[in-house]
Amino acid sequence: MKRCIVILLSLLLIIPGLFAVGTGVGENESQGTIDGVQATTEVTLNVGGGEASSNKVKVGFTTDALSGSFSNKTEVDPATTFTLSLNEQGQGVHSETTPNLYAFWQITSGSPLEIKLYANDKMQISGADADNEKLDWQATWTSEVAGGTGESQVIGSLESGHTYGDTDSKIVFDRSSVTTVGDAGYVPITLTTASVFDKAPGAYSGTLTLVVNAKDTQST
């Protein structure tokens, strides 16, 4: 049977440190057999956290009806705006016919992190400079922490003298402990405004911001 030249390229998906770096090339200069000439290459995928680690993190808002089957593969439509309705007390609240507003996250990473939410400022009419053109509001939710459900959180306020902005941010998802590379979840956000009875007529708007902050990284 006719002999054939075999160059074996071994593709090894490895955990760094368990295997040596590949040879990259194999050769045989003898006049004897050429069977068994080999070349190897090390193929790595680092999702252990740290600067050299690959990460993919997606956060956002949606009014899609999310459920327990939500995962990293779930496609969601982003909510760029969310409209409130007036109740009998003159407050802006969720309408019974309006879908829920959710904050969601889809994480592929070995790194610890936390996701926070804050209200940038009071709701206000465009170009507002008078107090009666600005409206206090708040968002409430139950934060998610590694290993279970967290406590109720509030940002913004219906009380006077409250500070807005990133210094008032609260945790939505605390990923201090990383047990799996993939994480996906969501929380429903409830929005309420102060009464508009003593405010100027106009279209009031405010901004909610989700932000991801890296925590102390694990060793690679």
Side-chain angles (χ1 to χ4, degrees), residues 11 13-16 43-50 52-85 87 91-120 137-156 166 168-193 205-218 220:
L11 299 178
L13 185 60
I14 68 169
I15 302 175
V43 179
T44 66
L45 175 62
N46 186 346
V47 289
S53 179
S54 296
N55 305 280
K56 183 177 181 180
V57 179
K58 182 178 182 180
V59 298
F61 300 98
T62 186
T63 55
D64 286 358
L66 303 183
S67 67
S69 62
F70 183 76
S71 72
N72 283 10
K73 297 180 180 179
T74 304
E75 295 290 337
V76 296
D77 290 324
T80 57
T81 61
F82 187 80
T83 301
L84 298 174
S85 299
N87 64 13
Q91 295 175 295
V93 295
H94 292 233
S95 168
E96 293 182 0
T97 59
T98 300
N100 287 327
L101 178 66
Y102 296 98
F104 71 90
W105 55 91
Q106 294 169 309
I107 301 167
T108 304
S109 173
S111 299
L113 56 84
E114 63 184 10
I115 301 172
K116 289 186 172 183
L117 179 66
Y118 63 91
N120 290 47
W137 62 306
Q138 71 176 22
T140 62
W141 71 94
T142 300
S143 67
E144 292 290 332
V145 298
T149 301
E151 299 179 353
S152 178
Q153 301 283 6
V154 180
I155 57 167
D166 58 358
D168 189 54
S169 62
K170 300 289 180 61
I171 293 176
V172 174
F173 178 52
D174 184 354
R175 197 188 195 223
S176 297
S177 175
V178 182
T179 58
T180 59
V181 173
D183 261 319
Y186 60 89
V187 292
I189 306 295
T190 300
L191 301 171
T192 310
T193 76
S205 64
T207 302
L208 285 176
T209 299
L210 272 173
V211 60
V212 179
N213 294 318
K215 305 193 80 170
D216 291 339
T217 56
Q218 301 171 342
T220 56

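From a predicted model like this one, the values you see are computed outputs, not experimental measurements.
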Would you check, one step at a time, whether the test side-chain contact (heavy atoms from CB on, under 4.5 Å) holds for L117 with F61?
CA-CA 11 Å; L117 179 66; F61 300 98; 3.7 Å; yes

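- Looking only at side-chain heavy atoms (C-beta outward), F82 and T98 come within less than 4.5 Å of each other.
- Put simply, the side chain of N72 does not reach to within 4.5 Å of the side chain of I107, judged on heavy atoms.
- Within the 4.5 Å cutoff, the side chain of W137 has heavy atoms near those of the L208 side chain.
- Shown are V212, V211, V187; of these, the side chain to side chain contact (heavy atoms under 4.5 Å, CB included) with I115 is made only by V212.
- Side-chain contact between V172 and V59 is absent, with no heavy atoms from C-beta onward closer than 4.5 Å.
- Scanning both residues, G60 and L210, for their nearest heavy atoms gives O-CD1, 3.4 Å.
- Summarising the geometry, atom CG belonging to N100 is positioned 11.0 Å from atom OG1 belonging to T62; distances are rounded to the nearest 0.5 Å.
- Rounded to the nearest 0.5 Å, atoms CD (Q106) and CD (E75) are 7.5 Å apart.
- Residues R175 and W105 are not in side-chain contact: their nearest non-hydrogen atoms beyond the backbone lie 4.5 Å or more apart.
- To the nearest 0.5 Å, atoms CD (Q138) and OG1 (T190) are separated by 9.5 Å.
- At distances below 3.5 Å, not a single donor-acceptor pair connects side-chain atoms of N55 with backbone N or O atoms of S109.
- Shortest non-hydrogen contact noted between P188 and W141 is O-CB, 3.5 Å.
- In this structure, CD1 in I155 is found 8.5 Å from CG in L191, a value given to the nearest 0.5 Å.
- A pairwise comparison of heavy atoms in A79 and L101 identifies CB-CD1, 4.2 Å as the closest pair.
- Between T74 and S69 the shortest heavy-atom distance is OG1-O, 4.0 Å.
- Using a 3.5 Å distance cut-off with no hydrogens or angles, the side chains of S176 and K215 do pair a donor with an acceptor.
- Between T193 and L84 the shortest side-chain heavy-atom distance falls below 4.5 Å.
- Atom OG1 of T63 is separated from atom CD1 of I189 by 13.0 Å, given to the nearest 0.5 angstrom.
- The CD1 atom of I171 lies 4.5 Å from the CD atom of E114; values are rounded to the nearest 0.5 Å.
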